[in-house]
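See structure below.
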Amino acid sequence: MLKKRYLEEKITSDLSRKMVFLGGPRQVGKTTLAKKIGMESYSKKFTYLNWDNIEDKKTIIKSVHNPEAKLVIFDEIHKYKNWKNYIKGRFDKSKEDFDIIVTGSARLDLYKRGGDSMLGRYYYFRLHPFSVAEVLKRDNIIEPFREISFLEESKETSKTFKNLMNFSGFPEPFISKKEETLRRWHNQRIEKIVKDDIRDTENIQDISSMEVLVSLLPEKIGSQFSLNSLREDLLVSHKTISSWMDIFERFYYLFRISAFADKRIKSIRKEKKVYLWDWTEVDSSSARLENIVASHLLKLCHFLYDAKGYKAELFFLRDRDGHEVDFLVAVDRKPWITVEVKSSDQEISKNLLYFGRKLKIPFKYQVVDVEGVDFLKDDVRVMSANKFLSGLV
């Protein structure tokens with residue numbers, strides 16, 4: 001199975017200069033990766049402290065650990081009210097003695113706000129689930145505005161894509177490849193997110209209604225997302241629903257993308273599109289396909305931003321005249337790649353051509369869930385999903 005995660009080398013390199021904050025969904029492999037770095041790059045001379053463990057919590061508060069440790073891993077410490085000042089103090093006092101990794105299943109870049117700033121003291125990475133390229137151990141070299149190099153389609157690329165579609169990119173269900181494991185993992189993960197992670201750090205009065213919201217979200221994937229319709233279903237205020245959605249995004253349960261705004265098109269900016277970090281919660285095959293492509297493109301954007309420093313962002317395209325394309329990757333707000341996802345339709349999307357011409361987008365792809373497809377027509381490359389995803393991160 002996978003021996004090295006795609007962020008491992010970059011994190012190890014960055015630790016020689018600053019702290020590393022490692023965020024990402026629950027059970028995506030953050031702790032495993034941090035400990036692996038401790039085992040291999042620090043010759044097992046590391047200390048792991050989890051805020052959820054009572055004994056570790058005492059050790060953290062007392063600011064003591066194994067004096068021989070050259071790396072200290074703080075897990076879920078964002079649940080500690082004064083964690084920002086605590087980590088800042090430990091780093092400023094002991095940065096010559098040991099390195100620091102902070103991991104958490106919430107967005108640490110948001111939780112740092114307020115109190116003393118840690119600006120300039122850390123690098124922030126977001127760890128994503130396994131992707132086609134990562135499972136195939138492809139270290140693709142990707143530079144913005146250059147054409148992506150794709151693997152030749154094979155039984156291996158096809159099998160990898162199908163396994164990810166069916167069992168997610170989270171390590172436990174993906175490695176198991178059993179439906180029963182996936183179902184049980186789903187139940188435990190959602191319960192942990194809502195009843196443990198969120199309840200520990202957020203002031204939520206109506207947990208039961210929040211759980212109902214979780215059950216409704218998979219049906220909304222890929223479509224225009226209306227908070228008002230959910231408000232009516234749950235009988236809570238628009239402000240409450242909006243707050244809950246922010247929380248779910250902060251805890252890596254879902255992510256939202258906005259419409260790309262540009263003076264060359266009459267953009268519709270109000271509604272966002274919603275996707276889940278675990279696409280296997282989505283029952284509709286077409287919506288799941290769109291979700292897995294969205295997840296791979298987001299992983300690309302986050303890698304380019306976190307590891308390479310490019311301001312890469314994921315959008316969708318929609319204007320007031322009804323033209324719409326599923327995804328646009330932009331760097332420094334300049335369009336680079338646009339992607340339309342189709343279950344099987346290989347006829348060139350007119351909307352791809354329309355936005356490609358209006359925004360002068362260099363690379364246009366139509367991705368289909370049909371094997372053996374790869375052709376160029378009208379400057380649009382139509383390609384099998386497994387091949388397209390193999391070229392990403």
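Numbers for residues simply follow the sequence, beginning at 1. Just the heavy atoms: all of them, side chains too, but no hydrogens, waters or symmetry mates, feed the values below.
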Residue pair Asp306, Tyr123: steps toward the side-chain hydrogen bond (donor to acceptor under 3.5 Å, both in side chains) verdict = CA-CA 8 Å; Asp306 297 344; Tyr123 290 110; over 6 Å; no
Check whether more than 12 heavy atoms from other residues, nucleotides or ligands sit under 6.0 Å from atom [atom1] of [X], and answer yes or no.
| X | atom1 | answer |
| --- | --- | --- |
| Leu376 | CG | yes |
| Glu9 | CD | no |
| Tyr354 | OH | yes |
| Glu40 | CD | yes |

Aromatic ring pairing [X]/[Y], orientation class (parallel under 30°, perpendicular over 60°, tilted between):
| X | Y | value |
| --- | --- | --- |
| Trp83 | Phe21 | tilted |
| Tyr80 | Trp51 | parallel |
| Tyr365 | Phe150 | perpendicular |
| Phe315 | Phe260 | perpendicular |

Verify, without hydrogens or angle tests, whether [X] (side chain) and [Y] (backbone) share a donor-acceptor contact under 3.5 angstrom.
| X | Y | result |
| --- | --- | --- |
| Thr59 | Glu55 | yes |
| Asp378 | Val380 | no |
| Arg288 | Thr280 | yes |

Answer yes when Arg138 and Glu134 have at least one side-chain N-carboxylate O distance shorter than 4.0 Å, and no when they do not.
->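 Result for this pair is no, no salt bridge flagged.
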NZ/NE/NH1/NH2 to OD/OE distance under 4.0 Å, Asp369 and Lys342 =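 The answer is no: the pair does not qualify as a salt bridge.
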Answer with yes or no after comparing the ring centroid distance for His65 and Phe98 against a 6.0 Å cut-off, counting only values under it.
->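 Yes; Phe98 has its ring centre under 6.0 Å from that of His65.
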Does [X] make a cation-pi contact with [Y], if we ask for NZ or CZ under 6.0 Å from the ring centre and within 45° of the axis?
| X | Y | value |
| --- | --- | --- |
| Lys4 | Tyr6 | no |
| Lys273 | Phe327 | yes |
| Arg189 | Phe170 | yes |
| Lys334 | Phe145 | no |

side-chain hydrogen bond (donor to acceptor under 3.5 Å, both in side chains) evaluation trace for Arg231 with His238 = CA-CA 6 Å; Arg231 177 184 62 80; His238 184 281; over 6 Å; no
